[in-house]
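Small disclaimer: the values here were computed from a predicted structure and weren't measured. Just so we're on the same page: letters track the sequence lines, and every chain starts at 1. All heavy atoms count here, side chains included; hydrogens, waters and symmetry mates do not.
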2 protein chains.
Amino acid sequence: MAKEARPGTGEQAKQLALAKLRQAILRGEMAPAQRLVENELAEQFGVTRASVRAALIDLASEGLVERIPNRGSRVRVVTVEEAVAITECRMVLEGLCAAKAAVEASEEQLAQLTELGEAMSKAVADGEPVTYSELNNELHSRIQEFSGQQVAEGLLERLNAQLVKHRFQLALRPGRPQRSLSEHLAVIEAIIARDPQAAEAAVRAHLGSVIEAYRD
Amino acid sequence: MAKEARPGTGEQAKQLALAKLRQAILRGEMAPAQRLVENELAEQFGVTRASVRAALIDLASEGLVERIPNRGSRVRVVTVEEAVAITECRMVLEGLCAAKAAVEASEEQLAQLTELGEAMSKAVADGEPVTYSELNNELHSRIQEFSGQQVAEGLLERLNAQLVKHRFQLALRPGRPQRSLSEHLAVIEAIIARDPQAAEAAVRAHLGSVIEAYRD
DNA sequence: GTCGGCAAAATTGTTGACAATCCTGTTGGC
DNA sequence: GCCAACAGGATTGTCAACAATTTTGCCGAC
């Protein structure tokens, strides 16, 4: 699943359409619940309708768009309840990754985590929520990578794609980075200490607080 | 050749192809790593190639088939390592569901679980591994359903589809049902006791033993 | 004035044909 | 005899046109 989506290389028409559409949706250029008419998209992206169609099927299985038979496609809106449910799944899956990472990661990789933690602290101290948000994503990705759990990684990639909007909004909330930071540092610390149970607990605590934040 | 239009059904061709293909793969009618040629499938199922194509894209995102650009589709073979990784994900996700079910389930639903547990005990006592395996699936499904966690349910559905073969093999292993049974009963007991932490721990213990069993 | 049905427009689903790509077996040169 | 280039066949990717379905605007009946 999740064939590589590299917008840079010259790929097939369908994959190009897929990349463009995904990018447009993730950037929020498509209004929530906006109708996605195959003909319009085909003209807009300079590909044929069949390619757009295939791309839409792919995106539907990723949960980014909703397809109703004979009635067309729309960008899927993620309600707050869904965001909470998704984050609950993230909670356990990232917990698994963190626990495995605490056991599997190399010393070099642990050093990378330490570095990331320092960069995040600096971003918060400097009051740069966007940079912090990016480092945040980076940290989560790295933990997944270091865990070697590719199945969980794939599932999380899909889940996160549905949350981009909510996550971004959350990062801009005043006071949120400070709290988030300390939770993240706790995760890093537990992994470096090679304590899988503590790492899992720390991740859960963190995402638990994210869930609380969503519920406003 | 006998492309009967089936006037009564009116089902969509793609979804029909998808259902047939999935069924064929799940039943093991397709040899492992067998090449899936779009033309052959189209003729075999009495639909057009485009429909088969769409179905294959869907199945690829479900992880049942593997699609290589310009080179076709094959049924994906799940190695033992992958089966373990998948089960690790099931472990945490079903743990989440069990914990939520322990809180959310109605009294009536708890009664259903009790019933299921008794049926499973009987199946083991009667030495009917197939019946037991079916009840086993039923139990897992019910717990997911009772949890109300639709996101996790969707993820698990996808993961389980990839494991059907391994799960079935496991069920037929001598001595396995006995051990499995006691673990399942522990899960049921914890949920009925409305103890989410114990329920999660019991599910994890169970799937942990499944992982051990896979590693032979 | 409102409701039910009807026809036209818009949109998706499907089809068959065409082009691009990849694998295979063969041939020619060294 | 072995390796590289080359045709041949097979398979996927793409395209434009056609059919089926749904939605929408409209008209007439009550």
Angle between the end axes of the helix from dG1(C)-dC30(D) to dC30(C)-dG1(D), five pairs per end, to the nearest 10 degrees? 10°
Report all interatomic pairs (protein N or O, nucleotide N or O of nucleotides 7-11 of chain D) with separations under 3.5 Å.
none

Provide, to the nearest angstrom, the distance between the CG atom belonging to L16(A) and the C1' atom belonging to dG13(D). 14 Å
Please determine, for the side chain of R49(B), which listed nucleotide (dG16(C), dA17(C), dT12(C)) has the closest atom? dA17(C)
What is the distance, to the nearest angstrom, from the CD1 atom on I57(A) to the C1' atom on dG13(C)? 10 Å
Expressed as a whole number of angstroms, how long is the span from R53(A):CZ to dT11(C):C1'? 10 Å
For L116(B), the side-chain contact (heavy atoms from CB on, under 4.5 Å) test, sequence neighbours excluded, returns L135(B), E138(B), L139(B), R142(B)
Any R67(B) side-chain nitrogen or oxygen under 4.0 Å from OP1 or OP2 of dG13(D): yes
Can you say whether the rings of Y214(A) and H166(A) are parallel (under 30°), tilted (30 to 60°) or perpendicular (over 60°)? perpendicular
Heavy atoms from C-beta onward define the side chain here; which of dG16(C), dG13(C), dC15(D) lies closest to that of A50(A)? dC15(D)
Please give, in whole Å, the distance from dT14(C) C1' to F45(B) CZ? 18 Å
Would you kindly give the CD1-to-C1' distance between I68(A) and dT11(C), to the nearest whole Å? 13 Å
Verify the distance criterion only: is there a donor paired with an acceptor across the side chains of R176(B) and S209(B) at less than 3.5 Å? yes
Taking OP1 and OP2 of dC15(D), is either one under 4.0 Å from a side-chain nitrogen or oxygen of S51(A)? yes
Let's see if you can work this out: which of dT12(C), dT15(C), dA16(D) has an atom nearest to the side-chain heavy atoms of T48(A)? dA16(D)
Distance check needed: dT11(C) C1' versus L56(A) CG, whole Å only. 13 Å
